[in-house]
Amino acid sequence: MSTRLPRSSGLSLGLVRGRRIMRRRGHPHRVLALDLETTGYDPEDAEVIAIGTVPVVDGAVRIGEVRRTLVRPAVASAELGIAAHHLRPSEVAVAPPLEEVLPSVLTTIADADALLVHHASLDVRVLHRAARTTGQPWPRPAIIDTVELITRCRNRERATGSGRRLPRDLAGARAAVGLPPHQAHDAAADAIATAELYLALRARLAG
Amino acid sequence: MTGPHAHGVLGPEGFLRALPPFDRLEEDAFAAAVAALEVIYIPADTRVLERDGAPSRHLHIVRKGTALLSRDGVPALTAEVGEWFGLPSVLGAARPEFDVDALDDLLVYRLPGDVVRRLTASPAFAEEVTRGLASRLRATSNPADARGAPIAVAMSTVDALLRRELVTLPATADVGEIARAMRAEGVSSVVLSADPPAIVTTRDLRDRVLAEGRDADTPGMQVASRPILSVDVSTSVTEARVRMLERSIHHLGVERDGALAGVISTGDLLRADASSPFHVQRELASTPAAAFAGLPDRLHATVAGLLHGGLSPLEVTRTVSMLTDGITRRAIELAAAELGPAPCAYAWMTLGSDARREQTLLSDQDHALVHEETDEAGATWFHELASRVVELLEAAGLPRCPGGVMATNWSGTMTTWRQRFAGWITAPDVRALYETSIFFDHRVVAGDLEVDTFDEVVRAHRSDGVLLARLAAAAGTSRPPLGLFHRVRSTADGTVDLKAGGVNPIIALGRLLAFEAGSSLRATTDRLEIAVEQGGLTPDAAEQLTEAFRFFQQLRLEHHQEAWRRRAPLSNSVVLDALTPSRRRHLKEAFVAVGRIQQSTIHRLGGEEVSR
């Protein structure tokens with residue numbers, strides 16, 4: 001999610017029971033950056049309305065493989081969230097429901113060595129719950145969370161007393177590491193933005 | 001996509017879509033580019049490509065940050081947002097010609113080499129890529145007819161447009177022979193004697209030969225068009241124009257008794273047009289003083305038409321000079337009619353850009369008078385003439401020269417002028433030498449006194465090494481606005497002065513090199529050409545300067561046009577961020593080329609010693 005972080009951001013990733021360790025030396029070969037646009041911030045009832053993914057293979061974001069999938073929410077009263085995401089209700093109304101699009105998303109996740117999300121706790125829990133309710137196996141991907149990478153940068157920079165503190169939001173963090181502005185609230189654009197931020201943070205932590 | 005921040009929020013696809021030459025790609029080709037597009041992040045101080053190392057596998061387009069291209073540790077060029085590197089290496093599968101390092105963190109969009117090579121199959125894309133080559137071709141096929149004397153009348157049938165014999169070659173001619181024939185004859189098309197005859201135009205050489213990567217020995221018939229679309233000599237000019245527009249062709253055959261008699265081009269039509277400069281020229285001969293105030297609008301409209309018609313910037317500035325001459329002659333005629341007959345023979349000299357036939361519509365008056373020996377009354381007559389002409393020219397949109405270089409202040413006999421020239425040449429102050437250089441570019445526009453002797457004064461000093469060194473130092477007075485790592489330096493308000501930083505250094509070089517060559521040619525591009533013949537300049541350097549000159553003049557003309565349409569004051573300063581990324585790139589390349597050639601020429605002639 002690229003939106004303002006909710007107060008409940010302290011959710012434990014343990015619930016997902018994923019492998020969340022990034023190898024210390026060498027980076028995963030194939031990482032899938034993912035962004036969800038949802039109707040709210042509560043993982044228990046937020047509905048997915050758009051899924052954006054883009055693979056990062058050997059440090060290169062594959063723009064040709066960007067996927068943007070619209071999803072029709074089960075509850076029709078999700079229009080508030082839709083407006084915030086620049087999606088027209090009519091667009092979403094003709095989109096396939098989540099159970100239809102989820103299998104291919106889960107396969108794409110399974111094909112990757114790690115799943116990359118900005119503020120993973122919300123999006124990963126929403127996806128995990130969706131898999132459970134539609135009766136599909138959760139591929140248990142290793143999780144890379146750019147918010148967590150930001151925290152590691154902040155800790156390191158606090159230790160060395162260098163620089164300003166990196167903001168935790170996607171747009172703020174990107175600006176702070178010198179990345180160009182992006183079209184926020186578009187799942188595909190946010191996924192690309194997350195992938196680029198990941199590459200920048202990765203280089204910063206390696207340095 | 002216009003403003004500086006317009007691609008601020010574009011994703012990779014949108015950014016590429018807005019970036020020339022990708023903006024011109026067909027949908028399919030663009031989709032193929034996006035499908036292969038990748039984003040990488042390169043931390044500062046990383047070496048991206050190594051000179052003579054492995055060929056680049058990708059074209060790298062900088063999205064954020066600065067890459068430095070250098071050779072043997074000497075910085076040569078930077079690549080910033082919208083600029084790319086690795087292209088020659090990718091296209092030729094060759095070893096990189098530069099070391100490329102990330103000066104700061106780089107966000108790079110990259111395209112695999114095979115995709116880039118496929119993209120260059122698109123003529124629009126290849127044109128940008130082969131820009132250097134294409135301009136070389138343009139330079140050799142420049143139609144000479146635009147230099148000739150103006151045609152007096154607007155003609156009614158195409159017959160009257162046929163001003164030369166058909167240029168034909170055997171059907172077996174290859175494209176190299178065709179290009180050479182075009183250069184030798186000064187034409188933009190050649191007919192091949194096949195049955196039916198076929199035509200090859202300069203455009204064909206660009207689109208079907210250069211852009212397709214074909215060699216000079218490609219048979220001409222492979223790139224020729226036939227049958228040649230033709231009209232009879234009795235066809236009206238208007239009809240011919242419509243035919244050409246309908247078929248989107250730039251050349252049209254003209255038949256006499258069923259046989260091809262000649263070829264007319266869009267340029268020929270333009271000159272026949274009633275709104276053409278030749279028409280304005282004709283009108284000038286009878287324009288009353290009261291109508292001078294209306295001239296600026298006429299001239300701007302004419303220039304707009306010429307630019308729109310695709311005339312090269314140097315043809316446009318030649319035309320503006322021609323019209324300025326017409327205005328000056330008319331002003332002199334009107335003034336002299338009131339003052340009575342001249343007391344003795346004289347010459348009205350135009351100076352500077354007009355003398356070089358490089359005038360834009362943002363130009364001061366620069367002129368001087370030479371007359372035979374006369375008495376005090378005679379001198380008064382000339383001063384009165386000059387005052388009236390200055391006023392008329394001012395009314396016609398040519399402001400008074402702020403430095404006072406006008407015939408009101410600068411007149412005298414041949415003897416006086418010869419002494420002045422000799423004095424300037426031997427003046428010890430380099431700055432003074434530069435300031436008086438405007439007098440070295442002079443041309444007589446009215447009167448019948450010969451002033452060739454001034455060139456002889458100059459030529460007598462050509463083997464004077466000390467003088468050459470001082471002139472070289474003077475040529476370094478104005479330099480391209482380049483900063484560290486060849487970044488373009490703009491002023492506090494983000495502007496760059498195209499005249500001071502681009503045009504003036506090239507003009508000064510041309511003047512210097514013509515001096516060295518002992519030539520009295522005036523036009524900068526002609527001077528560069530003679531310098532190549534005399535060994536003062538490499539053909540490559542001359543081409544780069546010519547191309548840079550053309551580019552700066554084009555930008556200035558367009559910029560003036562735009563201001564004129566907005567009724568804003570004309571200026572030679574452009575806002576750097578308002579230029580498209582590709583224009584910015586060209587601007588930087590042009591400044592860098594000018595700076596490099598300026599420095600090496602000054603060095604060769606010992607100008608640095610003088611400045612010290």
Side-chain angles (χ1 to χ4, degrees), chain A residues 2 27 29-33 35 50 52-68 86 116 146 149 153 163 166 170-171 173-207, chain B residues 3-19 22 28-46 48 56-67 80-82 102-115 118-119 581:
Chain A
S2 58
H27 301 290
H29 166 66
R30 186 183 180 88
V31 176
L32 186 75
D35 181 76
T53 61
V54 63
V56 183
V57 181
D58 290 332
V61 187
R62 299 258 178 112
I63 299 304
E65 295 173 41
V66 169
R67 295 287 171 267
R68 176 173 182 261
H86 305 292
L116 169 68
T146 28
L149 298 185
C153 284
L166 273 180
L170 183 55
R174 280 176 61 89
V177 299
L179 292 170
H182 75 291
Q183 178 71 56
H185 308 306
D186 172 277
D190 278 340
I192 296 171
T194 304
E196 291 175 351
L197 178 62
Y198 160 64
L199 294 178
L201 294 174
R202 196 170 92 160
R204 189 177 270 232
L205 287 166
Chain B
H5 308 293
H7 48 68
V9 293
L10 294 178
E13 181 176 347
F15 181 81
L16 198 65
R17 206 20 155 175
L19 183 71
F22 296 94
D28 288 356
F30 183 70
V34 170
L37 187 66
E38 293 181 333
V39 184
I40 58 169
Y41 186 86
I42 303 170
D45 301 325
T46 308
V48 190
S56 179
R57 288 160 53 210
H58 296 90
L59 171 70
H60 297 73
I61 303 164
V62 176
R63 176 64 182 92
K64 186 89 194 197
T66 306
E80 290 159 86
V81 57
L103 268 189
D104 41 27
D105 296 334
L106 292 181
L107 187 68
V108 167
Y109 294 169
R110 69 179 191 188
L111 283 171
D114 56 340
V115 172
R118 273 201 299 276
L119 288 179

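In the text below, chain A, chain B and the rest are named by the order of the sequence lines, each starting its count at 1.
B/Val39 and A/Glu196 get closest at one heavy-atom pair: CG1-OE2, 3.6 Å.
For B/Arg118, the side-chain contact (heavy atoms from CB on, under 4.5 Å) test picks out B/Asp114, B/Val115, with sequence neighbours left out. Residues satisfying the side-chain contact (heavy atoms from CB on, under 4.5 Å) test with B/Glu38, not counting sequence neighbours, are A/Ala60, A/Arg62, B/His58, B/Arg110.
Highest contact tally toward chain A, considering only B/Leu37, B/Val34, B/Ile40, is held by B/Leu37 [criterion: heavy-atom pairs under 4.5 Å]. Interface check for chain B: of the options A/Ala189, A/Gly178, A/Ala188, the most heavy-atom pairs under 4.5 Å are formed by A/Gly178.
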Task: Worked check of side-chain contact (heavy atoms from CB on, under 4.5 Å) between B/Asp105 and A/Val177 - done: CA-CA 9 Å; B/Asp105 296 334; A/Val177 299; over 6 Å; no
